[in-house]
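Input: a single structure, listed below in structure tokens.
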Protein chains: 2
Amino acid sequence: MAEARRPRAASEEKRRRILDATEEIMLKEGYAAVSSRSVATAVGIQAPLVHYYFSTLDDLFVAVLERRAGRNVERMAAALLSTAPLRAWWQLASDRRGTALFVELLAAANHRPALKAEVGAIAREIRRMQLEVLESVLEEYGIDAEVFPPALVAAAMQGVAFSAVQDSVAGYDTAADEALAAMDRLIDRLEAGRSN
Amino acid sequence: MAEARRPRAASEEKRRRILDATEEIMLKEGYAAVSSRSVATAVGIQAPLVHYYFSTLDDLFVAVLERRAGRNVERMAAALLSTAPLRAWWQLASDRRGTALFVELLAAANHRPALKAEVGAIAREIRRMQLEVLESVLEEYGIDAEVFPPALVAAAMQGVAFSAVQDSVAGYDTAADEALAAMDRLIDRLEAGRSN
DNA sequence: CACGTTCTTGAACAGGCGTTAAATCCAAGG
DNA sequence: CCTTGGATTTAACGCCTGTTCAAGAACGTG
């Protein structure tokens with residue numbers, strides 16, 4: 001029995017290029033513009049080759065999400081363990097490219113069950129990590145957990161980032177940059193006054 | 001020159017039914033599922049008739065947004081003038097159906113310039129109203145405008161509602177209902193402690 | 001009833017879609 | 001050098017798309 005031959009060096013690289021191109025298209029033209037042909041053109045290959053690497057478009061979307069999410073779960077875990085958890089978390093949450101992509105994935109997930117399941121699993125995992133840390137750390141920040149329970153703080157971090165970044169990226173004139181700056185200052189204040 | 005004849009009574013009704021069907025499709029299958037044929041089928045007419053009422057799909061999307069937004073601008077204006085502005089605002093912002101539709105419109109706007117312009121105009125108008133009221137009312141609520149300036153409060157109201165409602169509607173298990181409940185209590189507390 | 005407008009349809013165009021099957025290319029192993 | 005098998009392409013399938021055009025139906029008015 002012959003040894004399993006290793007795939008060519010170029011093939012893992014090609015997977016990466018396909019995922020990169022898909023992200024780019026989602027950001028520039030929306031998730032609905034993602035098709036085997038549009039992705040293929042962007043990469044410089046033929047459409048069926050996309051299906052060779054990702055047999056259906058659902059698989060492709062899920063792969064885009066998983067690559068992003070895998071990195072983000074790690075980063076969030078590291079952020080929450082850092083010496084300034086709120087600041088590190090906020091920096092992650094307010095990433096512009098990530099947020100823009102998130103809007104598309106969220107909307108796409110609404111009518112792609114496989115993607116929706118994956119989004120749900122990742123969202124739950126990340127929130128679980130956040131809540132766990134907040135349980136023990138809110139007090140150090142001097143935040144009254146009666147008034148601002150972990151679930152609300154987590155929703156606020158996520159929500160403010162989402163709302164302001166989305167408006168800022170899209171160019172909607174809603175004082176979004178002012179809100180982002182104020183949030184920066186608020187986080188600074190909280191980190192400075194942290195008791196531990 | 002003959003007097004301009006009024007359009008038939010049924011035709012305004014048909015416009016409404018087309019817009020209703022479009023909203024329904026956006027909610028159930030996403031904005032990408034909106035097509036002249038899918039809308040026509042839902043209404044029980046032929047595809048070209050959709051174009052008779054809304055000559056392009058862009059026009060249709062913009063009309064959906066405008067109908068919603070028109071109502072919402074009025075409601076928000078009324079809310080901000082009410083005796084409990086934050087509570088009324090929060091009730092509006094946390095509307096489930098409106099939020100779900102908003103995700104779709106936001107994503108659709110990212111690659112439909114005409115829609116994007118309209119979203120921008122409406123977002124700016126609503127935010128302007130909110131900021132104006134917050135300028136004068138934050139103090140009454142005992143909120144330090146140095147720490148929580150109007151822009152941040154507005155982004156937070158919008159963001160928390162968006163984040164929690166979206167997760168709740170999609171069924172993502174992220175303690176969203178807990179966050180919504182906590183926000184309700186927070187608003188209650190603020191309204192109760194209002195000095196005016 | 002006849003006219004003119006409004007509303008509605010049937011048919012068609014050119015193009016894009018996801019996906020499959022078969023054929024071809026090409027590099028490495030024996 | 002020739003076989004093997006992964007990587008890639010060409011061709012094709014049936015279907016859906018936005019939109020236009022011309023024809024027809026339904027209706028209010030003179």
*Given atom OH of Tyr53(B) and atom C1' of dC7(C), what is their separation to the nearest angstrom?*
6 Å
*So, are Arg71(B) and Glu74(B) salt-bridged, with charged N and O less than 4.0 Å apart?*
no
_Between Tyr52(B) and dT8(C), is there a contact of a side-chain N or O with OP1 or OP2 at under 4.0 Å?_
no
_Could you tell me how far apart Glu12(A) (CD) and dA7(D) (P) are, to the nearest whole angstrom?_
10 Å
*Rounding to a whole Å, what distance do you find between Lys14(B):NZ and dA26(D):C1'?*
12 Å
*Side chains of Ser35(A) and Ser38(A), donor plus acceptor under 3.5 Å*: yes
*Quick one: Ile45(B) CD1 to dA26(D) P, roughly how many Å, whole number?*
16 Å
Polar atom pairs between nucleotides 16-23 of chain C and protein, under 3.5 Å, N or O only, would you list them?
residue : atom : partner  : partner atom : Å
dC17(C) : OP1  : Ser35(A) : OG           : 2.7
dG18(C) : OP2  : Ser36(A) : N            : 2.9
dG18(C) : OP2  : Ser36(A) : OG           : 2.8
dG18(C) : N7   : Arg37(A) : NH1          : 2.7
dG18(C) : O6   : Arg37(A) : NH2          : 3.1
dT19(C) : OP2  : Leu57(A) : N            : 3.2

_Residues in side chain to side chain donor-acceptor pair (under 3.5 Å) contact with Arg17(B), at least two apart in sequence or another chain_ = none
_With sequence neighbours excluded, residues passing ring-ring contact (aromatic ring centres under 6.0 Å, His included) with Phe162(B)_ = Phe162(A)
*Taking the six-membered ring for Trp, is the centroid-to-centroid distance between Tyr141(A) and Phe148(A) below 6.0 Å?*
no
*Looking at the side chain of Gln46(A), which of dG10(C), dA7(D), dT10(D) is the nearest nucleotide?*
dT10(D)
*Salt bridge present between Arg97(A) and Glu24(A) (N-O < 4.0 angstrom)*: yes
*Please state how far atom CG in Leu49(B) lies from atom P in dA11(C), giving the value in whole angstrom units.*
17 Å
